[in-house]
Amino acid sequence: MASNRSSSRHQTARHRLSVIAGHLQRPADSNAAVLAVECKAQENRPTVKTGDRSEGRTVPRRRQEIMKWNGWGYSDSRFLFNKKGQAEFTGRRYRLSGMIIPNLKDWFEGTFGANLQHKTPAIPILNSSAVQRPTLNEVFVEELKSTGIPFSHEAEDRVFRSHGHCLHEIFALREGKIGRLPDMVIWPNSHNDVVKIVELACKHNVCLIPYGGGTSVSSALECPPEETRSIVSLDTSQMNRILWIDEKNLTAHVESGIVGQDLERLLNESGYCTGHEPDSMEFSSLGGWVATRASGMKKNIYGNIEDLVVHIKMVTPRGVIEKSCQGPRMSMGPDIHHFILGSEGHALKPQVSSIFTSFLDGLKTFYITKFKGFDPNRLCVATLLFEGDRERVLQHEKQVYDIAAKFGGLAAGEDNGQRGYMLTFVIAYLRDLGMDYYVIGESFETSVPWDRVLDICRNVKARIIRECKDRGVQFPPLSTCRVTQTYDAGACVYFYFAFNYRGLSDPVHVYEQVERAAREEILANGGSLSHHHGVGKLRKEWMRETVSNVGVGMLKSVKDYVDPNNIFGNRNLL
Amino acid sequence: MASKAVYSHRDPELKKRDEFEDILEERRTTSDLRYALKCYTPVLYKGLTPCKTSELKNMVLQSDQLHYVINQVSKETGTGTDEIQVEVEAILEEMAHRLQLSTVRFFAFTLSKIFKTLFSSICVNEEGIQRLQQAIQEHPVVLLPSHRSYMDFLLMSYILYTYDLALPVIAAGMDFMGMKIVGEMLRMSGAFFIRRSFGGDKLYWAVFSEYVKIMLKNGFAPVEFFLEGTRSRTAKSLTPKLGLLNIVMDPFLKGEVFDVSLVPVSISYERTLEEALYARELLGVPKPKESTSGLFKARKILSEDYGSIHVYFGQPVSARNLAEGRVNRSQFNLTPRHIPRKPAEEIQDFVNDSAFRLVRAQEESMVLKPWVLLATLLLQNQSAGNKRGMPLDELTEQAVWLRDLSRQFGAFLHWPEHIPPSKVISSSLSLHRSLVRISEGRVQLTLEKGGRAEPGLRPPAITPENELLNQAVVILSCASYRNQTLHVFIRSSLLASAIHYASVNKKQEIFNTFSFLRNMFSNEFILRPGAEVQDFEDACYLLVKSGTLQINQQEVLVTERGQRTLAFLTNILDPFVQGYQMVCRFLCEEETEGLTEKQFVPAIRKFIIKHLLIGRLKYAEVLSSDLQKNALAALLRLGAVQKLRRSEEEWTLKVNTVMVNSLEDTLGGKLPTQNPLVARL
């Protein structure tokens with residue numbers, strides 16, 4: 001059995017090598033440039049609501065119209081094993097849609113010891129009776145009505161805003177378990193709407209939890225179970241306009257609810273981009289990026305969110321905070337933006353941001369796959385994306401190839417690179433497939449100085465394997481990692497951890513214990529608590545030891561000043 | 001959970017131990033030559049970066065740490081880095097091993113021959129070997145054998161070769177290197193040599209630690225060293241030395257490896273080769289410098305029968321498990337890891353505690369032969385004033401009693417079950433006929449003239465003093481066997497003595513006295529720092545279980561039948577109590593003003609001989625310089641004596657007479673331990 005598995009793995013590896021070798025024979029300057037957007041879901045805009053303001057935008061007010069309530073992404077797009085036992089990806093949105101993925105089944109069964117016979121299907125439809133009745137603050141609702149801002153306390157709307165995409169959150173939804181959830185959802189349309197809502201919330205002591213794209217993986221959207229006030233989810237998805245573009249200063253003024261793909265598409269129409277591309281960019285919002293200190297895969301060219309933001313206007317219970325000018329850099333004491341960037345929706349609600357944009361002048365994109373050596377089982381592959389004008393791309397390419405050549409590496413053509421790039425968008429759908437067959441998993445990230453990268457990778461992977469064994473996981477887990485972002489002083493490392501939970505009575509608990517142990521290992525090996533996912537509630541137990549008592553105290557005092565009554569009561573971070 | 005795995009047992013009797021197998025048996029029936037030339041393919045560490053022995057040196061020379069230290073030394077001394085580099089290469093040349101299989105095969109052949117003549121059997125626990133094999137594949141391994149004989153490391157390599165396990169690289173003292181050919185041979189069988197003291201030499205330390213770490217991290221070979229630092233002359237485990245343990249823990253603590261497996265190995269000799277040598281050394285005849293010709297002279301000794309050897313490979317201890325919950329590893333995150341730093345106090349405590357746990361693990365798996373029980377009984381009988389020895393049948397009765405007691409206390413006793421006790425005893429006595437003889441049905445130590453021929457030591461004219469020293473050689477040899485039982489009884493002995501001294505039977509007061517004694521003797525025995533309460537509870541548990549004591553909330557009562565056990569246990573500690581008192585008395589009574597450390601031992605020896613000769617002291621074993629030095633170390637630790645620096649190398653002692661006096665009285669039970677002076681301890 002075991003040898004069987006390894007020989008089939010061998011075959012796969014050999015096949016892959018031959019594909020790569022095929023690329024090598026191609027002329028290097030193949031002109032088939034592909035735009036990044038082509039890898040994401042096709043624009044398949046909802047045409048349902050004609051009168052809706054969200055025309056031309058991806059996210060409707062009723063998310064359930066296009067998105068899954070208990071899994072990742074669009075309702076029509078998912079992986080499944082068809083009757084022949086082949087994996088395929090449904091829908092028409094992605095380049096992968098409608099395609100058969102031939103080796104996925106073997107890999108899946110071989111890696112996890114999973115079996116297509118052993119299914120763990122999710123409950124298909126939300127049972128509204130399982131949802132707690134909303135606790136409404138009547139006076140607040142009355143006054144809100146008079147403002148004309150749309151709101152809802154329907155079960156579906158509330159459930160959608162009660163979670164992010166942590167494993168335990170999705171697992172519970174698939175089992176139909178729903179805990180504390182927002183009592184109502186409000187969709188502000190503009191900055192002024194938000195000001196009104198926050199004023200009313202303060203007046204009536206209502207708890208507000210901002211909601212952008214709902215892609216959090218840090219339990220940040222979870223409603224604190226101990227919260228007794230009425231919880232109102234403030235959904236920014238309808239604040240999704242670009243207010244202006246300033247071509248002289250290369251800045252744009254954008255509302256916080258816009259999701260990544262809309263922002264990018266609309267800017268592209270004018271010949272610009274932000275260059276901020278987190279893997280979740282189809283669904284995550286500008287406000288969410290700011291709140292978590294997000295990072296994207298193109299950050300080496302364009303920078304992280306904190307490098308892109310020039311100006312923020314934000315509504316707080318204390319009032320509106322903003323700077324008086326848009327100078328690119330200022331020396332005026334500690335930058336107040338940094339109380340907002342990474343504030344995790346905690347007492348702070350970013351309202352409108354201006355974003356640096358760059359020319360897409362003569363944009364040309366290359367995907368390069370590089371590898372070392374030819375042992376198919378010990379292949380090191382890097383997917384690199386070059387972006388910029390022709391000269392700069394050529395120059396970068398040359399630099400990279402020179403380095404690669406120095407270590408015996410080669411440029412391997414762009415097909416694989418494109419595939420890798422596309423996979424970053426569909427990979428989140430894969431977890432849902434695993435969950436149909438007893439496999440649960442998640443990825444988590446850290447940042448670490450260069451000299452410790454190899455050590456941290458080895459130790460965290462080994463720790464995961466050891467912890468799984470100690471906790472009675474019956475099958476060897478998938479425990480792997482990759483470097484996703486590089487800096488002069490270190491790198492961002494992603495860990496992927498998944499396992500087959502057959503035979504375990506409380507798999508989520510086991511999962512959480514292992515992830516917790518992995519995080520401790522990360523911290524012990526010089527890794528950070530988070531590179532860009534944020535702390536949320538999932539990791540806040542380590543805040544004190546990672547930023548020191550004084551650090552926590554400083555943050556607390558800001559919170560106490562800005563939001564003394566804890567109106568923004570999601571209890572993240574601190 | 002993890003740390004308990006090292007050693008912890010509420011009920012030692014239930015302790016599970018592996019079976020042994022005699023590896024000499026096959027050697028006696030099959031060809032040694034074929035054995036020496038057998039196919040040798042050990043399993044290796046899964047993360048091994050294969051490299052040749054010669055490449056190791058380059059890896060050390062290129063390491064960041066060494067570069068850093070070289071630059072630092074260059075800046076401090078103004079010497080060019082090139083010059084220092086040359087010096088480093090010389091150090092490495094002097095240190096490095098040149099492990100090669102042909103030499104190992106040569107040793108496999110010759111040692112087979114030698115072992116077969118010397119020993120009746122070499123018993124190894126095969127399950128331990130299997131565990132070790134597993135451990136070697138998974139993590140870098142550190143082998144930590146006990147150290148009682150020169151034999152130890154040859155024996156270790158021999159066993160590992162026999163079982164087709166990876167051969168270790170062994171940290172050996174520089175004195176071995178002085179042995180011309182042998183030194184080089186040892187080098188080629190995996191020994192690397194370190195200077196005995198290089199305290200302040202930054203460069204040497206850097207080269208040495210980097211050399212060890214590189215071998216460990218790359219999984220080149222298991223690293224072997226002796227936690228005790230040197231051979232124990234008394235057969236008691238020595239207080240662990242921390243230098244090398246610090247070095248091998250470092251890669252784990254800094255995250256350079258996932259884990260390190262520390263494997264305690266207990267080697268017990270039925271009869272130690274160096275038996276008389278050690279006794280003489282303790283009595284002040286300096287140890288002969290290791291030399292090849294000396295080794296050949298020692299051959300004469302080698303024609304005798306040395307009984308069996310038991311080698312027990314303990315449960316591998318994970319450094320990670322030891323550190324779990326004790327060490328915050330993120331403290332290493334803020335400085336580059338190649339910059340050498342003095343370990344923080346937390347780390348020092350952790351390494352120290354780990355070292356004690358590991359030595360305790362060694363102790364617990366030491367196999368005790370019936371003879372050690374006999375030696376214990378004979379010594380107690382001797383000091384009770386029965387100069388004519390002990391009737392054989394009484395010895396047999398007592399030995400059987402002690403056998404059962406020591407089993408209850410968790411001793412790893414190897415007492416053949418199917419043979420009647422009298423036979424077991426007579427064969428033990430005959431193996432040790434250099435120390436005991438039977439005459440007229442009585443068993444006596446060979447203290448009188450003619451008992452033992454000691455060519456070379458016998459002085460021309462026999463003064464009372466010389467006669468005493470000759471007797472002391474036998475007594476100290478016997479004591480070295482008795483000492484092998486100490487780790488079994490020490491905690492209970494401390495409790496028994498505390499009960500004996502405490503005038504009342506209040507549990508709290510007994511605990512106070514217990515703590516005082518434990519603290520006093522913590523240089524003498526392996527008593528893990530900070531484990532007072534646990535030790536006290538363990539001792540209480542054992543004494544209650546054996547029916548010696550009854551303990552309720554506040555009181556401790558000795559049962560009728562417990563008197564014998566209690567007396568035995570008190571007697572175990574008594575020579576040490578009296579010895580320490582003697583040291584105190586010496587410091588108070590004699591002129592110690594300006595006494596240097598070097599002068600201390602000869603001076604106190606004279607003092608003790610005087611007391612022994614006039615009969616004021618009954619234990620000749622107090623002549624042991626080991627005991628004297630331990631006592632002094634305890635007094636220094638307690639602040640009753642201070643060291644004053646006289647010159648670069650010399651220290652003098654400054655005695656706080658009041659305090660020493662008070663300690664002596666407390667030891668004698670004259671003062672209650674609540675004495676304010678002592679309460680501070």
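Fair warning: this is a prediction, and the values are worked out from it, not measured in the lab. Naming convention: chains lettered A, B, ... in sequence-line order (proteins, then strands); numbering from 1 in each chain.
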Q. If you look at every heavy atom in Asn333(B) and Arg452(A), which pair is closest and at what distance?
A.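 Looking at all heavy atoms of both residues, the closest pair is OD1-NH1, 3.6 Å.
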
Take atom [atom1] in [X]; do more than 12 heavy atoms of anything else shown fall under 6.0 Å from it?
X         : atom1 : answer
Glu345(B) : CD    : no
Leu454(A) : CG    : no
His338(A) : NE2   : yes

Q) Does Arg466(A) reach the side chain of Phe258(B), with side-chain heavy atoms less than 4.5 Å apart? A)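 A side-chain contact exists here, since the closest heavy-atom pair is under 4.5 Å.
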
Q. Do Lys254(B) and Asp455(A) come within less than 4.5 Å of each other through their side chains, counting heavy atoms only?
A.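 No. Closest side-chain heavy atoms not under 4.5 Å.
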
(Q) How long is the straight-line distance from CG of Leu523(A) back to CZ of Arg329(B), given to the nearest 0.5 Å? (A)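 That separation rounds to 10.0 Å.
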
Q. Checking Asp259(B) against chain A: side chain, backbone, both or neither under 4.5 Å from a heavy atom?
A.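 The side chain, not the backbone.
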
Q: Ignoring hydrogens and angles, tell me if any N or O in the side chain of Asn525(A) forms a donor-acceptor pair with the backbone of Glu256(B) under 3.5 Å.
A: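 Absent.
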
